[in-house]
Amino acid sequence: MMADEPVLYARRFWPRTAVGEIRAQYGDLEAGENAEGSECRVAGRVMSRREHGKATFITLRDGWDDIQLFANVNALGDEVYREFTRLDIGDIVGVDGYVFKTRRGELSVFVEKWVLLSKSVRPLPEKWHGLQDRETRYRQRYADLIANPEVAAQLKTRCAFVSAMRRYLEGQGFIEVETPILQPLHGGAIAKPFVTHHKALDTDLYLRIAPELYLKRLLVGGFDRVFEIGKNFRNEGISLVHNPEFTMMELYWAYVDYNEIMELVEQMIPALAQEVLGTTVITVDENEIELAAPWPRVTIDELLRENLDLSLAEMRANNGAGRRALEERRVQTEPEDDFAALVDRALKHLAWPTLVSPTFAIDYPLELSPLAKRHPDDPQLVERFQPIIAGREIGNAFSELNDPADQRGRFEEQAEKKAQGDEEAHVVDEDYLRALEYGMPPAGGLGIGIDRLVMLFLGVDSIRDVILFPQLRPEEFFR
RNA sequence: GCGGGCAUAGCUUAGCUGGUAGAGCAGGGGACUCUUAAUCCCAAGGUCGAAGGUUCGAAUCCUUCUGCCCGCACCA
């Protein structure tokens, strides 16, 4: 390299002072005042530049904190000052200087020395309107994060939320584990899986649709409070509320049933809101919603009676009556809908919209829940609940089925459905049954869709706004 | 998967019933030593998403394709 060739990409600039610290330390400086002993080095991205001949202002962004740089020809000399004015918006620079406040009261760093740390050779989106184009925002999230600080703030809140949940659960004695994402059978949920192939084993593997069956194997193995926060993968449509990979928290707690899980949920959710948002009141669709416990419990049977004028037993006994009741309320049904599908439609389209404040919908029909324990009062029901907030399901939980014979029967019913062409039905997992045969302690389990809960907390409509890199069709140059 | 909408410069956009594209910011040159959407002057930047078609003439009308957005279906 030639000796006088400018360095466009430097190696290090350390130690440095975070702009946040400078703001905290010198925020209350008087306008026009220089801070004594405030020699510092700051670094960040040039966001804007205001040049006034022999003096220049630059807005520097260090992470998510902005600070103004002031440079003039007196301090730097003609040559160095001239180079400084040639900085482009987007460049990353390091500065040595001291802190002062301008006559207009803007906290600033007076530039005594500066160095280019990284050259930006591609123009940044416009400063005033930011980056608006949705496609560019999602495809080039890096540019979105620079141009739209409020987007960065939202995504950061998501990170804070996950972190808070992890700490909360650890505080309750739960151990975080990691279970296979590549699974030889896809279980724990009803969904279409992604399939891949392992060359050395010469076998197809599925990306997990849920970690459930592995976590319950851990219950058998003696982990009596476990959780996992991780990605699930479902090969289904993409929408405002669906991304092919999404983040779930699942936990399993031995020696309790769904009652204790409900208590955990109604305590944890407001606690997380308090920590991350600073309040237990969220605003969704212009409704103010108080998250604090207690949350009312209402049975599926009651919900159907209220919204469909049919009991669960009546719907089970008479498919046609359920179908008619739905159609009368302008809920579309499909000819192949069985009892389970009709109940599901009634809940989604009629019952949930009435549940704005947090509510536990409890006691589901057996047919919807092949992994849940039967209800002691009614063998046609299972001890299952879903927490509903603002009409949205934010999780799913039940007393875990630990009777291997019952579980085998339920798997076989699912296998029957599969044989009849239902490609999403559950498969028989012989290893899981073997684990249950060793004896699984009674336990409650819970799954919470992190993305959707964060959407609720932030009051955003699109799942893409809470996922750093949402799935899109690949760009030309990838295909 | 089906239906509707959108696609103009790096970014944000104007362009009406068809007459051959205009601006702001960014970038280039110049002036200016406390500005903060700095200001002022100058110059440059567009195969109007792609391919066909209609027309003397298409950013504009039609067809197909691609991508995104929004509904619906499936699902969390």
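Scope of the values below: all heavy atoms of this structure, side chains included, with no hydrogens, waters or symmetry mates. Chain A is the first sequence line, chain B the second, and so forth, proteins listed ahead of strands; every chain is numbered from 1. Bear in mind the structure is a predicted one, so any value in this text is a computation, not a measurement.
Between D144(A) atom CG and C68(B) atom C1' there is a gap of 15 Å when expressed in whole angstrom units. If you measure from atom CG of L107(A) to atom P of U36(B), you get 17 Å, rounded to the nearest angstrom. Rounding to whole angstrom units, CZ of residue R103(A) and P of U35(B) are separated by 7 Å. Taking atom NE2 on H129(A) and atom P on A26(B), their separation rounds to 12 Å, with Å as the unit. Residue E334(A) contributes atom CD, which lies 18 Å from atom P of G1(B) at whole-angstrom precision. Taking atom CG of residue L87(A) and atom P of nucleotide A26(B), one finds them 15 Å apart after rounding to whole Å.
Note that R158(A) lies outside the cation-pi zone of F161(A), set by a 6.0 Å cut-off to the ring centre and a 45° limit from the axis.
If you take atom P in G10(B) and the same atom in G57(B), they sit 29 Å apart, rounded to whole Å. Only the P atoms considered, U54(B) is 45 Å distant from C42(B), to the nearest whole Å. Taking atom P on both nucleotides, A9(B) is separated from A51(B) by 15 Å, rounded to a whole Å. When the P atom is compared between G29(B) and A44(B), the two are found 16 Å apart, to the nearest whole Å. A gap of 28 Å separates the C1' atoms of U60(B) and G71(B), to the nearest Å. Rounded to the nearest Å, the gap between the C1' atom of G4(B) and that of U8(B) is 22 Å. Across A59(B) and C16(B), the matching C1' atoms stand 14 Å from one another, rounded to whole Å. Atom P of G46(B) sits at a distance of 38 Å from the matching atom of C2(B), rounded to the whole Å.
You'll find that the side chain of H349(A) is closest to A73(B), out of G27(B), A73(B), U36(B). Side-chain atoms of D88(A) lie closest to G28(B) of the nucleotides G28(B), C68(B), A26(B). In the set C34(B), U36(B), U33(B), the nucleotide with an atom closest to the side chain of R104(A) is U36(B). Comparing U33(B), G27(B), G67(B) by their nearest atom to the side chain of E135(A) picks out G67(B). Distance from the side chain of K127(A) is smallest to C25(B) among C25(B), U33(B), C11(B). Taking only side-chain atoms of Q132(A), from C-beta outward, the nucleotide of U13(B), C69(B), U33(B) with the closest atom is U13(B). Distances were taken from every side-chain heavy atom of R473(A) (C-beta onward) to each of U33(B), U12(B), C68(B); the shortest belongs to C68(B). Here U12(B) is the nucleotide among U12(B), U35(B), U33(B) with the atom lying nearest to any side-chain atom of E126(A).
G57(B) is unpaired under the criterion used here, namely a Watson-Crick or G-U wobble arrangement in which both key atom distances are under 3.5 Å. For A7(B), the paired base is U66(B) (Watson-Crick or G-U wobble, both distances below 3.5 Å). Nucleotide G1(B) forms a Watson-Crick or G-U wobble pair with C72(B), both donor-acceptor distances falling under 3.5 Å. Pairing partner, G28(B): C42(B), with both Watson-Crick or wobble hydrogen-bond distances short of 3.5 Å.
Nucleic acid contact for G395(A): none, since no nucleic acid atom lies under 4.0 Å from a heavy atom of the residue. Within the nucleic acid shown, R139(A) comes within 4.0 Å of sugar-phosphate atoms alone, with no base atom in reach, counting heavy atoms only. Among the protein residues, D451(A) comes within range of no part of the nucleic acid, since none of its heavy atoms lies under 4.0 Å from any strand. As judged by a 4.0 angstrom heavy-atom cut-off over every strand, R137(A) is placed among residues making no nucleic acid contact. Using a 4.0 Å heavy-atom criterion, one finds that L124(A) contacts no nucleic acid atom at all. Nucleic acid contact for E51(A): base, since at least one base atom lies under 4.0 Å from a heavy atom of the residue. In this structure, E393(A) reaches the sugar-phosphate backbone alone: every heavy-atom distance under 4.0 Å involves primed, P, OP1 or OP2 atoms, never a base. If you check every strand for non-hydrogen atoms under 4.0 Å, N235(A) touches nothing. When heavy atoms are screened at a 4.0 angstrom cut-off, T59(A) is found touching no nucleic acid atom at all.
For F398(A) and Y258(A), the ring centers sit 6.0 Å or farther from each other. Taking the ring centroids of H186(A) and F194(A), they lie at or beyond the 6.0 Å cut-off.
Across the interface with RNA chain B, nearest-nucleotide mapping of V241(A) and F70(A) shows F70(A) to be the residue nearer the 5′ end. The 5' end of RNA chain B is approached more closely, in terms of each residue's nearest nucleotide, by L240(A) than by the other of L240(A) and A189(A).
Applying salt bridge (charged side-chain N to carboxylate O under 4.0 Å, His left out) to R297(A) and the options E302(A), E266(A), E383(A) leaves one that passes, E266(A). For the pairing with I300(A), the side-chain contact (heavy atoms from CB on, under 4.5 Å) check across I362(A), L368(A), L347(A) returns one residue only, L347(A).
Residues V454(A) and T157(A) form no side-chain contact, since every pair of their non-hydrogen atoms from C-beta on lies 4.5 Å or further apart.
At U35(B), none of the side-chain N or O atoms of R50(A) fall inside 4.0 Å of OP1 or OP2 (strictly under the cut-off). Considering only side-chain N and O atoms, R134(A) lies under 4.0 angstrom from the phosphate OP1 or OP2 of C70(B). Within the structure, a side-chain polar atom (N or O) of R345(A) is placed less than 4.0 Å from OP1 or OP2 of C74(B). Between R464(A) and C70(B) there is a side-chain N or O to OP1 or OP2 distance below 4.0 Å.
Side-chain atoms of S48(A) and T59(A) form a donor-acceptor pair, as typed in the model, at a separation below 3.5 Å. In this model, a donor atom of one side chain and an acceptor atom of the other lie less than 3.5 Å apart for N396(A) and R384(A).
Smallest separation of non-hydrogen atoms from A43(A) and L60(A): C-CD2, 3.9 Å.
Side-chain atoms of D133(A) and base atoms of U12(B) include no donor and acceptor less than 3.5 Å apart. Donor-acceptor pairing under 3.5 Å, judged by distance alone, is absent between the side chain of S48(A) and the base of U36(B).
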